[in-house]
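In listed order, ligands and their atoms are each counted from 1. Just so we're clear, the structure is a prediction, and the values are computed from it rather than from any experiment.
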Amino acid sequence: MSMTTTEYERIAEELDLAAQTAEAVDQISLTTSFTEDEAYEIQRLSIQRRIDRGETLIGLKLGFTSFAKMEQMGVHDMIWGRLTDAMLLEGGGELELSKFIHPRAEPEICFRMAQDVDREITRDEVLDYVDAMAPAIEVIDSRYQNFKFSLEDVIADNCSSSALVVGDWMQLREDLTNLNITLSFNDEVKEQGSSNDILGDPWLSVVHAIRLSLKYNQPLRKGDILMAGAATSAVFIQPGTTIKAEVEGMGPVQFNVA
Ligand code: OOG
Ligand code: MG
């Protein structure tokens, strides 16, 4: 039997409150079974609560586009989540740890959409749909105890999205393969990977994000940003650190943790 709208709303509220109060909740799937499509509906309702409070959508993120991430989190499929303006942290800015439950950082590549998208595209067309790219760091903070979840749980929880820092926008490069990607804490490299780890070619993240955004009726708009998904595992954030991601040829992006 499928869930009722009231149940979707109750779970959406629970996850939204967990994010607002920085207090973890039990995994939903331990007591309630639900499908991936139902999980996306819960995500939509939960982010709608933020929009009702005045936040605006600024784009989308993909998750589990690399084997490193799938293996770290024990899941097996690509997911997507919504990004709002309140999640943006200024480059070089300071992250307030008390607002998070158990935040982790991961290095990302970010794209900016050149136009509204109302149909699926192929790999050959991606350059027409993107007008800039940048290195980025995503802060993920699962609202579930111990960062443990099923695929449906994490989708309902907006794919653990919690903050992001985007580096300087730069001109597109047609070939984004074989770029070294690192994440360091106080200049000590914690994770190292290659852009190939993102779907074999980071540009494919644009193709898949567009496909998923249309499937779930949340089309990307001109100016929206799109995070391609981390190439490496995520690392628990420590107080007193400067966290930096570097993507070869794109320069660094960083923030501080008090
Ligand atoms: C889910 C978010 C995954 C990525 O880049 O793969 C993600 C999680 O790991 O909690 O953002
Ligand atoms: Mg990510």
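- Of the protein's non-hydrogen atoms, Glu106 OE2, 3.2 Å is the one closest to atom 4 (C) of ligand 1.
- With salt bridges taken as basic N to acidic carboxylate O contacts below 4.0 Å, one links Glu125 and Arg119.
- In plain terms, the two heavy atoms of Glu94 and Ala258 that are nearest each other are OE2-CB, 3.4 Å.
- Ile101 and Phe236 are members of different hydrophobic clusters when ILVMFWY side chains are connected at heavy-atom separations under 4.5 Å.
- Proximity to Glu138 (heavy-atom distance under 4.0 Å) selects the following atoms of ligand 1: 11 (O).
- Residue-ligand proximity, Lys61 to ligand 1, at heavy-atom distances under 4.0 Å covers atoms 2 (C), 7 (C), 11 (O).
- Atom OE2 is the N/O/S atom of Glu108 found closest to the Mg ion (ligand 2).
- Here the protein heavy atom with the shortest distance to atom 3 (C) of ligand 1 is Lys69 CE, 3.7 Å.
- Linking Ile, Leu, Val, Met, Phe, Trp and Tyr whenever their side-chain heavy atoms come within less than 4.5 Å puts Val165 and Leu97 in one cluster.
- Heavy-atom minimum distance, Tyr40 versus Ile79: OH-CA, 3.5 Å.
- Near Gly229, the atoms of ligand 1 lying under 4.0 angstrom from a non-hydrogen atom of the residue are 5 (O).
- Looking at every heavy atom in both residues, Leu172 comes nearest to Met133 through CD2-N, 3.9 Å.
- Judged by distance alone, the side chains of Ser184 and Asp187 never bring a donor and an acceptor atom under 3.5 Å apart.
- Residue contacts with ligand 1: Ala234 is excluded, as none of its non-hydrogen atoms falls under 4.0 Å.
- The distance from ligand 1 to the heavy atoms of Gly63 drops below 4.0 Å at these ligand atoms: 3 (C), 4 (C), 6 (O), 7 (C).
- Within the listing of ligand 1, atoms 8 (C), 10 (O) sit less than 4.0 angstrom from a heavy atom of Phe149.
- Screening Asp168, Asp224, Asp131 for a salt bridge (charged side-chain N to carboxylate O under 4.0 Å, His left out) involving Arg112 leaves a single residue, Asp131.
- Looking only at heavy atoms of the protein, atom 6 (O) of ligand 1 is closest to Phe64 N, 2.8 Å.
- Considering every non-hydrogen atom in both Thr241 and Gln238, the closest pair reads OG1-O, 2.6 Å.
- In this structure, Glu108 does not pair ionically with Lys61, as no charged nitrogen and carboxylate oxygen lie closer than 4.0 Å.
- With ligand atoms numbered from 1 in the order given, ligand 1 contributes 10 (O) to contacts under 4.0 Å with heavy atoms of Phe147.
- Between the choices Ala231, Cys159, Ser161, Ser66, the shortest heavy-atom distance to atom 2 (C) of ligand 1 belongs to Cys159.
- The closest approach between Ser142 and ligand 1 stays at or above 4.0 Å for every heavy atom of the residue.
- In this structure, Glu108 is part of the shell of residues with a heavy atom less than 4.0 angstrom from ligand 1.
- Of all protein heavy atoms, the one closest to atom 10 (O) of ligand 1 is Ser160 OG, 2.7 Å.
- The Mg ion (ligand 2) is the vertex of the angle joining OE1 of Glu138 and OE2 of Glu106, which measures 100° to the nearest 10°.
- Residue-ligand proximity, Ile140 to ligand 1, at heavy-atom distances under 4.0 Å covers atoms 8 (C), 9 (O), 10 (O), 11 (O).
- By the 4.0 Å N-to-carboxylate-O rule, Glu41 lies close enough to Arg44 to be salt-bridged with it.
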